[in-house]
Amino acid sequence: MRVEELCSDVMMFVGDALESVATAFIDGDHALLVDSLGSAEDAEGLRRVLCDEMGKTVRMIAPTHFMSDHVAGLLLFPDALVMAHRHFRHAFLSQNRLVAAFYREPDLVLDNMALRWGRHQLRFLYNPGKTMDHFSVDVPTADLVCVGDNIVGNIVYLSRADPALQRAAIGRIRQFGRSRVVGGHIGAFDASVLDNALHYLSRIQDSVVRIRRQAPSEDVAGRIASLRIEDCLAPHVVPTAFEREWHVNNLQAIVAQSIFSLDASLASRAEAA
């Protein structure tokens, strides 16, 4: 697990499993976690560093969204309050890799909330995109925003999501104007990552719509599978191994879930009109 200090009272933990991210906001001996990593081993490593070595007590856990790769630590901190958006069960049940052992009912169910934690104000803002329960956690006092899986590094993950909602969610995050963006995976980025993710989303959508409209039906799956990540990324962005892996996952999901089929049909209808 990678541990990084984002500022004197904000720690980021990046687990080995799926490079899932948890962010700890420190107030004296108390900690608030945004997300809690993606495996039992990583969550235990977080507990060991934060509680055993640093002497902090986790008082609250706020998942950006209720999917298994972000809630593995909920049961490790039984005395901590857990908050979630009211659509948390929809997100948990809609995922591809549900881990029932990580599930815990939240103590607080809400839409939006502002919370003072130490010197920081945390604004939990409902921002549906990748899932219908997504929060963005805007922290103006630290000049950062935690965005969960509304981006995945310089790309987005499309499985079981509405690309239009994802685009709108990223647009709202841009409006916060923070210089650092903490993703649900990989780590922290500068603000340009948001534009890069939007570029990727537009390019992959344009490419898939073109294939669906022009290629013979028997060739569609093969042509989609051949789309290179380099042809979808913003200029000068070099893909990480994780982004390459999840681009391949995107291509598989696009075929299996008929993603962008509606957009192709609407484009054909507009052209015919």
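- You'll find the side chain of Leu46 stays beyond 4.5 Å of the side chain of Ser36, heavy atoms only.
- The main-chain N or O of Ser68 is found under 3.5 Å from a side-chain atom of Gln95 such that the two form a donor-acceptor pair.
- A heavy-atom distance below 4.5 Å is not found between the side chains of Ser265 and Asp263.
- One hydrophobic cluster, built from ILVMFWY side chains closer than 4.5 Å, holds both Phe88 and Val99.
- In this structure the side chain of His70 never reaches within 4.5 angstrom of the side chain of Leu37, judged on heavy atoms.
- Formation of a donor-acceptor pair under 3.5 Å by the Ser258 side chain with backbone atoms of Ser261 is not found in this model.
- Taking Arg228 as the reference, Glu230, Asp231 meet the salt bridge (charged side-chain N to carboxylate O under 4.0 Å, His left out) condition, with sequence neighbours excluded.
- Under the ring pair (Phe, Tyr, Trp, His ring centres under 6.0 Å) criterion, Phe189 pairs with no residue at all, not counting sequence neighbours.
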request  = Report the C-alpha distance between Val181 and Ile151 in whole Å, list the side-chain angles of each, state the deciding distance to 0.1 Å, and finish with yes or no for side-chain contact (heavy atoms from CB on, under 4.5 Å).
outcome  = CA-CA 10 Å; Val181 176; Ile151 64 168; 3.9 Å; yes
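- Both the sub-6.0 Å distance and the 45° axial angle are not jointly satisfied by Arg172 relative to the ring of Tyr126.
- Checking side-chain atoms of Gln214 against main-chain N and O of Ile211 turns up no donor-acceptor pair under 3.5 Å.
- Pairs engaging residues 216-245 under the ring-ring contact (aromatic ring centres under 6.0 Å, His included) rule: His185-Phe242, Phe242-Trp246 [sequence neighbours left out].
- When side chains are defined from C-beta on, Val182 does not count as touching Val147, because their heavy atoms never get closer than 4.5 Å.
- Listed for the Gln205 side chain is no donor-acceptor partner under 3.5 Å among the backbone atoms of Ser202.
- Side chains of Ser192 and Asp195: a donor-acceptor N/O pair is absent below 3.5 angstrom, by distance only.
- In this structure the side chain of Gln175 never reaches within 4.5 angstrom of the side chain of Ile173, judged on heavy atoms.
- The backbone N or O of Phe135 sits nowhere less than 3.5 Å from a side-chain atom of Asn127 that would complete a donor-acceptor pair.
- Between Leu115 and Arg123 the shortest side-chain heavy-atom distance does not fall below 4.5 Å.
- Not a single donor-acceptor pair under 3.5 Å links the side chain of Asp138 to the backbone N or O of Val145.
- In the hydrophobic clustering of ILVMFWY residues, with side-chain heavy atoms under 4.5 Å counting as a link, Leu18 and Met1 come out apart.
- Qualifying salt bridge (charged side-chain N to carboxylate O under 4.0 Å, His left out) partners for Asp107, counting only residues two or more places apart in sequence or in other chains: Arg104.
- Judged by distance alone, the side chains of Arg160 and Ser94 never bring a donor and an acceptor atom under 3.5 Å apart.
- Judged purely by distance below 3.5 Å, without hydrogens or angles, the side chains of Asp149 and His134 never pair a donor atom with an acceptor atom.
- With sequence neighbours excluded, no residue satisfies salt bridge (charged side-chain N to carboxylate O under 4.0 Å, His left out) with Arg167.
- Arg212 contributes a side-chain N or O that, together with a main-chain N or O of Ile259, makes up a donor-acceptor pair within less than 3.5 Å.
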Side-chain donor-acceptor pairs under 3.5 Å in residues 19-30, sequence neighbours left out?
{"residue": "Ser20", "atom": "OG", "partner": "Asp69", "partner atom": "O", "Å": "2.5"}
{"residue": "Asp27", "atom": "OD2", "partner": "Gly118", "partner atom": "N", "Å": "3.4"}
{"residue": "His30", "atom": "ND1", "partner": "Arg59", "partner atom": "NE", "Å": "3.0"}

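- Less than 6.0 angstrom separates the ring centroid of His247 from the ring centroid of Tyr200.
- Thr131 and His65 are not linked by any side-chain donor-acceptor pair at a separation below 3.5 angstrom, with hydrogens and angles left out of the test.
- For the 3.5 Å distance criterion, the side chains of Gln166 and Asn150 fail to qualify, holding no donor opposite an acceptor.
- For the pair Arg89 (side chain) and Phe66 (backbone), a donor-acceptor distance under 3.5 Å is absent.
- One N or O on the side chain of Asn250 and one on the backbone of Val156 form a donor-acceptor pair closer than 3.5 Å.
- Rounding to the nearest 0.5 Å gives a distance of 10.5 Å between CD of Gln257 and CD of Gln252.
- Taking 4.0 Å as the cut-off between side-chain N and carboxylate O, Asp143 and Arg180 do not count as a salt-bridged pair.
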